[in-house]
Amino acid sequence: LPALAVHDLSKVYGNGFQALKGVSFEVQQGDFFALLGPNGAGKSTTLGILSGLVQKSTGSASVMGFDVNDQAFGARLNLGVVPQEFNFNQFEKVLDIVVTQAGYFGMTRDQALPEAERLLKSLDLWEKRDQPSRMLSGGMKRRLMIARALVHGPKVLILDEPTAGVDIELRRSMWEFLRELNAAGTTIILTTHYLEEAEQLCRNIAIINKGEIVQLTSVRQLLAQM
Ligand code: ADP
Ligand code: ADP
C-alpha cells in the first residue's frame, strides 16, 4: 500500500486556468519524496488536493489507501500538513495551538499534552509554550507549524516549501529534524524549488512543470545524470 497515490489528477480553477494536467505518482511508505518545480508549476495545488483543501477536477488521490474525497477523515487522520503560510490564531498560546489541533482528531487535552510537550521540546519551542503565537519569530512559527502537524501522530507528513525564506541555520536544523522523523518511520513529501534541498534530504523526486510531471526518478539517478 503506497503512503500517497495520485492518478491522472487534473485541476481547473474557477477562473478556467488548468493548474494540473494528468498528474500521477506514488510515494511509498517510509520514503522521503520531493515535488520539485518552479513557481506556478502546480506543487501547492497537488498538495492542496492531498490535504483536502483544494477540490480536484478529475482523477484520484489517496492517503494510506483512503480516498481524499470519499474517505476524507481517514485520509486526514493519517496526514500532517505544514502549509506555506502561517495560519495561526494570533492570540492563542503556543501550547494551546498544538493541543487544539489534537482535539480535531478526537484526542483529549490529557492525551495530547505529553505529545505536545515532546514535540515542542524537540523543536526548541517549549520555553515559548505560554506565549501567544504573534510573539514568535518567523522561524519559531515555522517550527510551530511542524509541531501542530505532528501532534496526532500521522504516518505521512506533507510540507509545502518548508524552508522558503528561512535562514541557513534554521534550514539546517529543520533538515535534521525531518531526517530524524523520516528515520523513525514517518513518510515525508515536501515541495521545493531548491534542487539542493531535494538532493540533501530526499530519496525520490518528481519534477513538475506547467501542471505536468516531467520526470520521476531517484535523487541518486538524477545526480548521476548531471
Ligand atoms: P476553486 O476553483 O477551487 O473554487 P477559485 O478559482 O474559486 O478556486 O479560487 C479561490 C480564490 O483564489 C479566488 O478568490 C481566486 O480569485 C483566487 N485566485 C485566483 N487566481 C489565483 C492565483 N493565481 N493564485 C492564487 N489564488 C488565486
Ligand atoms: P506552485 O506551488 O508550484 O508554485 P501552484 O499550485 O500554487 O504552483 O499554482 C499553479 C498554477 O495555478 C499557478 O499558475 C497559479 O497562479 C494558479 N492558481 C493557483 N491557485 C489558483 C486559484 N485559486 N485560482 C486560479 N489559479 C490559481
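We count residues from 1, following the sequence as given. Just follow the structure's listing: the first ligand is 1, and inside any ligand the first atom is 1.
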Atoms of ligand 2 under 4.0 Å from any heavy atom of S44, numbered from 1 in the order shown, are 1 (P), 2 (O), 6 (O), 7 (O)
Step through the shown structure and confirm whether more than 12 heavy atoms of other residues, nucleotides or ligands are within 6.0 Å of CZ on R220. no
Is there a donor-acceptor contact under 3.5 Å from the side chain of R148 to the main chain of Q101? no
Proximal ligand 2 atoms for P38, defined as those under 4.0 Å from one of its heavy atoms: 3 (O)
Do T45 and Y13 meet the criterion of a side-chain donor-acceptor pair at a distance under 3.5 Å? yes
Counting from 1 in the order shown, the ligand 2 atoms closer than 4.0 Å to a non-hydrogen atom of N15 are 25 (C), 26 (N)
Let me have the donor-acceptor pairs involving side chains of residues 192-211, under 3.5 Å, with sequence neighbours excluded, atom names and distances please.
{"residue": "T192", "atom": "OG1", "partner": "Y194", "partner atom": "N", "Å": "3.0"}
{"residue": "T192", "atom": "OG1", "partner": "E197", "partner atom": "OE1", "Å": "2.9"}
{"residue": "H193", "atom": "ND1", "partner": "E161", "partner atom": "OE1", "Å": "3.2"}
{"residue": "H193", "atom": "ND1", "partner": "E161", "partner atom": "OE2", "Å": "3.2"}
{"residue": "E197", "atom": "OE1", "partner": "T163", "partner atom": "OG1", "Å": "3.2"}
{"residue": "E197", "atom": "OE2", "partner": "T163", "partner atom": "OG1", "Å": "2.4"}
{"residue": "E197", "atom": "OE2", "partner": "W175", "partner atom": "NE1", "Å": "2.7"}
{"residue": "R203", "atom": "NH2", "partner": "G30", "partner atom": "O", "Å": "2.6"}
{"residue": "R203", "atom": "NH2", "partner": "N182", "partner atom": "OD1", "Å": "3.2"}
{"residue": "N204", "atom": "ND2", "partner": "D31", "partner atom": "OD1", "Å": "3.3"}
{"residue": "N204", "atom": "ND2", "partner": "D31", "partner atom": "OD2", "Å": "2.9"}

Using a strict cut-off of 4.0 Å, indicate which atoms of ligand 2 neighbour a heavy atom of A41. 1 (P), 3 (O), 8 (O)
What part of T45, side chain from CB on, backbone N/CA/C/O, both or neither, has a heavy atom under 4.0 Å from ligand 2? both
If you count the non-hydrogen atoms of other residues, nucleotides and ligands that lie under 6.0 Å from NZ in K155, is the total more than 12? no
Is the closest side-chain donor-acceptor distance between D8 and S24 under 3.5 Å? no
Worked verdict on F25 versus F33 for ring pair (Phe, Tyr, Trp, His ring centres under 6.0 Å): CA-CA 11 Å; F25 63 87; F33 191 96; 5.3 Å; yes
Taking both backbone and side-chain atoms of G40, is any N or O found less than 3.5 Å from an N or O belonging to ligand 2? yes
If you measure from each heavy atom of G42 to ligand 2, is any distance below 4.0 Å? yes
Return yes or no for this condition: an N or O of F17 is under 3.5 Å from an N or O of ligand 2. no
By number and element, which atoms of ligand 2 are closer than 4.0 Å to a non-hydrogen atom of N39? 4 (O)
Which of the atoms in ligand 2, numbered in the order shown and given with their element, are less than 4.0 Å from a heavy-atom of K43? 1 (P), 2 (O), 3 (O), 4 (O), 6 (O), 8 (O)
